[in-house]
Amino acid sequence: MTTYCHLSFALPVNQTFLYRLPDELKSRVKAGTAVLAPFGPRKIKGYVLEISELPAAPGFQVKDIYDVLENWPPFPPVFLNFIQKLAGRSLCSAGLFLELAEGPGRSAEVKEKVIITQKGKDELQSGQLKGKNRQLLEQISQKAFSSAFLKRKLKWRDLNARLKSLELAGLIEIRRKTRRVKSQRISSPAAPRQLSLPVGFQEEDNEVGPVFQALAAGEFRRFLLAGDSGKRQEVILKIVRQALESDGYVFILVPEIEQIARWWREAGQLGSQVSFYHSRLSEKKRKENWDKIISGQSRVVIGTRAILFLPVNPVRLMVIDEVQNDLYEQAESLPLDVREGAQIRAKEEGAVLLLSSSTPPVSCYYLSQANGELIDLGQSDRHHLCELSRKEIGCWLSEELLAEVGPELKAGQKAFFFINRKGYAGYLVCPACGYVPRCPTCQIPLILDKKKNELVCRYCEQSLGQLETCPVCHHQLKPGRIKGSQFLVERLKKLLPDFYLALLEEGEEKNRIEDSLKKINSGKVQLVVGTEYALPRLQPGSFSRVIIVEPEIGLNLPDFKAAEKTFVKIFKATELLANQPSSKMIIITSMPDQPAIKFGADGDYPGFYRQELEYRKLLKYPPFSLLVSLTLTGRNLRKVAGTSRCLVEELARRFPSVEIIGPKVKPRVWHKQQKEVRLYLRLGGSDALSAFHDFLEIFSRNSRQIRLSYKILF
DNA sequence: AGCACGCCGACT
DNA sequence: GTCGGCGTGCTC
C-alpha cells in the first residue's frame, strides 16, 4: 500500500493530479494542506483535496510531493466541502478558490533579484551580445531588479526561459530570498459548541419568527427581506443579535467596499465583536482583522465577496444586502454570481441566508413569495411631491431651474441632479449629413469628453482624440441631443454661480470624491451632480430637490432587466429626498408614462412589480423561464469560436427545447489576452438545470484550453 | 498559467 | 544558420 494525494492547483485546469506522499511528510499533511509539488518543469503550490491508500501504482508516472507549505490554521472540513461544491458548480479547479482563502502570510513568499555578474559585464562591454539578451543585460547593468519588475517592464513571454539560460551561462545571478512569515500566534479557533438558543424568542406574531426558528434548527433556509430600508436595518440587527446568541459567525455581504461604512456605523451597537473585511485592505489591517475573525474574537464580519472565502466555521447567518445590485453578478474575479456562491456556502454550513433589499429583483420576489420565503416589511409613506417634465434638459435649465432650485439653495437646502451619463454629450453629430463618430471596434457612438478634449468609447474605454469636423462633408461637428454630466456641470455653474457644486462619478480622483462628500455633508456644497456612482454614497434623506435627467437612456438596451435597473436607480434617487411635503422630485424625460419611470418616481415597488411581472410572463423571461449566460474563454479566438459552435450544435441536439441566443463576441475582448464568446440560453425550468450542468461538465472536460462558466440570470 | 517545442519568416 | 514571433499541447 502506498499513500497518494489528489492535488488541485490554482491554475485554469479543471482537473486533479495524483502524487505520492513520502512517509516523512505524512504527519503534516491533511485534506486542505498546501504543498509544493513538481509540475512539468516547474515546482508549484498545490492543495491536497484527498488522501488515499492505493494497492498498486496507477498506469502513469507518479511524482512525489516535494514539501509541505506552512498553513495555519487548517481549513475546516465544512469549508473544504464548500470550496469543492463551488469548484464543481463553476467548472474550475478548487485550487483557484483555496488560494483566495489564504490569509495574510499563510505561505512563504519568494522574492527574486536578478544581478549581473562580472562575466556578464565583460560580455556586454565587448559587444558580443545581441538582441534581447543585450537589452536585458543593459537593463540590469546599473542596478539589480526583481524578476517581477522585469516581467512588468519588458512584457516578454520568454523572459523566464531567458533568465534561466543566462544564469546557466554565468552572465547573471538570480538571488532567491524566501520570506518565511512568522507562524501566527493566534489562538486556534474554539471548537463549535452545541447550538443553544434561548427558548423565549418564539414571538408568534413576529414576522421574523420563521427566521428565528431556522436559526435555532441550524439548517439551511433562505428568506427575502423586502421593504423600507430603515425597518429592514432594524430587523436585520435583531436577527444578527439572535444569531450571535449561538456560537457561530454572521456574514454581512455588501456589493462594494464603500457600502461597508454604513453597516459599520449601524453595527456599532453590537460592540467589539464586529470586523470588516475586503480585498483592498492594507497588509497590516488585513492581518489585524483576519486574526480577530479567525480566532473568533469577531464573529460578525461585514464585507464584500472576499468574506465568502474566510475559512471559519460554523457560519450561522449570511445576509446579502442590496441583493438587486448587479455588482454581485459582474464579479470579474469569480466565474459565478456572488449570490449563488453565498447560497452554496450557506447550504454547506447549515446557515440562514437572508436576502435584503428595498427593491428586490422581480424574479427573486416572485419565487420567494411562491416558496414562502418572503418577509415584506412594506414601504413607508412618501410625502414628497413629484413632477414629470417632458422638456429637453437644455430648455428646462434655462426656463425652470432658477424658479425650482434657486430659492431652495438660498434657504440652505441641497439639490441633487442625477444623470447617468459621463462626459459632455452622448455622441457627436454632423448637422449637415447626420454622421456620428463611432468606435472602430465596438461600433457604438463615442462620448465627447470636454475636460480631456477627446472622444471616448464607453465599452472599451479607448479614446480617439478630438474630431473637429465631419470626415464626410467637413462641417463642424455638434454635440448630440443626449447630454452628459459635464454639460450639466457647465450649465449649472453658469446659471447658479453663487453656490458650490460637486460632481460625483466614477473616474474622479478618490481624494476629491472624499473631500466633496465631506463638504456635501457639512452643507458647504449644496449643488450635487452625479451618476449611478453617487447613489450609494450620498446621505439618504438629505436633499430637498432631486432632479433626474433623462433616465430613459438605459431602457433601449437589449437586456431583459433594463426596466428593473432603471426603476431601481430612480427609486434610489427618491430615497435621497427628505421625506416631507416640501421635498420635490423632478424627472425630465420624454417617456413620463413608462412604468419604470412612473413607479420609480412614486417609490412604488408593488406597482412596478405587478406591471413588470406581467411583461415577464408575456415574454417568458425570468421568473417564467431560466435564463443562463454562458461564457467561453481561451487564448485563441478561433478556437473559442469553434468550440462555441460545437457547443451550440451539441446543445441543440441534446436539449431540443433550449433556446439559444448568440453566440456573440464580447466587445472588450480585443484588448484583453483572453478571448471571450458569450451565449444566452433559455431553459424551460430549473429542473433542466442539473442535466444541463452535467452536460457542461463533460463538455468542458473534453475541450481543453477553453474555460467554460455560466451564470443564472434573475 | 507557464513552459517547451516546433514552425516560419527575416536577416545576417 | 540564428533570432524573434507566434501557435499548440501538456502538466500526475
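Here is the naming used below: chain letters follow the sequence lines, and residue numbers restart at 1 for every chain.
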### Query
Is it true that a side-chain atom of Ser165(A) and a backbone atom of Arg162(A) form a donor plus acceptor pair closer than 3.5 Å?
yes
### Query
Does Lys43(A) make a side-chain N or O approach to OP1 or OP2 of dG2(B) shorter than 4.0 Å?
no
### Per Lys164(A) side chain, nearest of listed nucleotides dA4(B), dC12(C), dA1(B)
dA4(B)
### Task
Measure from CZ on Phe17(A) to C1' on dC10(C) and round the result to the nearest Å.
9 Å
### Query
Is there a donor-acceptor contact under 3.5 Å linking the side chains of Glu102(A) and Tyr47(A)?
yes
#### Entry: Of the listed nucleotides dC12(C), dA1(B), dG9(C), the one nearest the side chain of Lys639(A)
dG9(C)
### Query
Taking the nucleotide of DNA chain C with the closest heavy atom to each, which residue, Lys130(A) or Thr16(A), is nearer the 5' end?
Lys130(A)
#### Entry: N or O in side chain of Lys132(A) less than 4.0 angstrom from dG4(C) OP1/OP2
no
#### Entry: Spacing of Arg134(A) atom CZ relative to dT2(C) atom C1', expressed in whole Å
17 Å
### Message
Classify Arg638(A) by what it touches in the nucleic acid, base, sugar-phosphate, or nothing, heavy-atom distance under 4.0 Å.
### Response
nothing
### Query
Counting any heavy atom closer than 4.0 Å, what does Arg20(A) reach on the DNA or RNA strands: base, sugar-phosphate only, or nothing?
nothing
### Task
Pick base, sugar-phosphate or nothing for Pro12(A), based on heavy-atom distances below 4.0 Å to the nucleic acid.
base
### Task
Between dG9(C), dC12(C), dC3(B), spot the one nearest the side chain of Gln705(A), thanks.
dG9(C)
### Task
Give a yes/no answer on whether the side chain of Arg157(A) brings an N or O atom under 4.0 Å of OP1 or OP2 in dA4(B).
no
### Task
Could you check how far NZ of Lys675(A) sits from P of dT8(C), rounded to whole Å?
13 Å
### Message
Hydrogens and angles aside, do Ser126(A) and Gln128(A) bring a side-chain donor and acceptor to less than 3.5 Å of each other?
### Response
yes
#### Entry: Distance in angstrom units between Lys63(A) NZ and dT11(C) C1', rounded
7 Å
### Query
To the nearest angstrom, how far is Asn133(A) atom CG from dC3(C) atom P?
8 Å
### Query
How about Glu322(A) and Gln324(A): does a side-chain donor come under 3.5 Å of a side-chain acceptor?
yes
#### Entry: Atom-to-atom span, CG of Leu11(A) to P of dC3(B) - whole angstrom
11 Å
### Message
Regarding Arg162(A), tell me which of base, sugar-phosphate or nothing describes its non-hydrogen contacts under 4.0 Å with the strands shown.
### Response
sugar-phosphate
### Task
Look at the side chain of Phe60(A) and decide which nucleotide, out of dC12(C), dC10(C), dA4(B), has an atom nearest to it.
dC12(C)
### Task
For Tyr19(A), report the nucleic acid contact type (base, sugar-phosphate, nothing); a contact means any heavy atom under 4.0 Å.
sugar-phosphate
### Message
Does any part of the side chain of Arg89(A), heavy atoms only, come nearer than 4.5 Å to the side chain of Ile344(A), both counted from C-beta?
### Response
yes
### Task
In whole angstrom, give the distance that lies between atom CD of Gln15(A) and atom C1' of dG9(C).
13 Å
### Message
Regarding Asn636(A), tell me which of base, sugar-phosphate or nothing describes its non-hydrogen contacts under 4.0 Å with the strands shown.
### Response
sugar-phosphate
### Touch class at under 4.0 angstrom, heavy-atom based, for Pro58(A) against every strand present
nothing
### Query
Hey, does the Lys NZ or Arg CZ of Lys43(A) hover above the aromatic six-ring of Tyr66(A), less than 6.0 Å from the centre and inside 45° of the axis?
yes
### Query
Rounded to the Å, how far apart are Gln128(A) CD and dC3(C) P?
13 Å
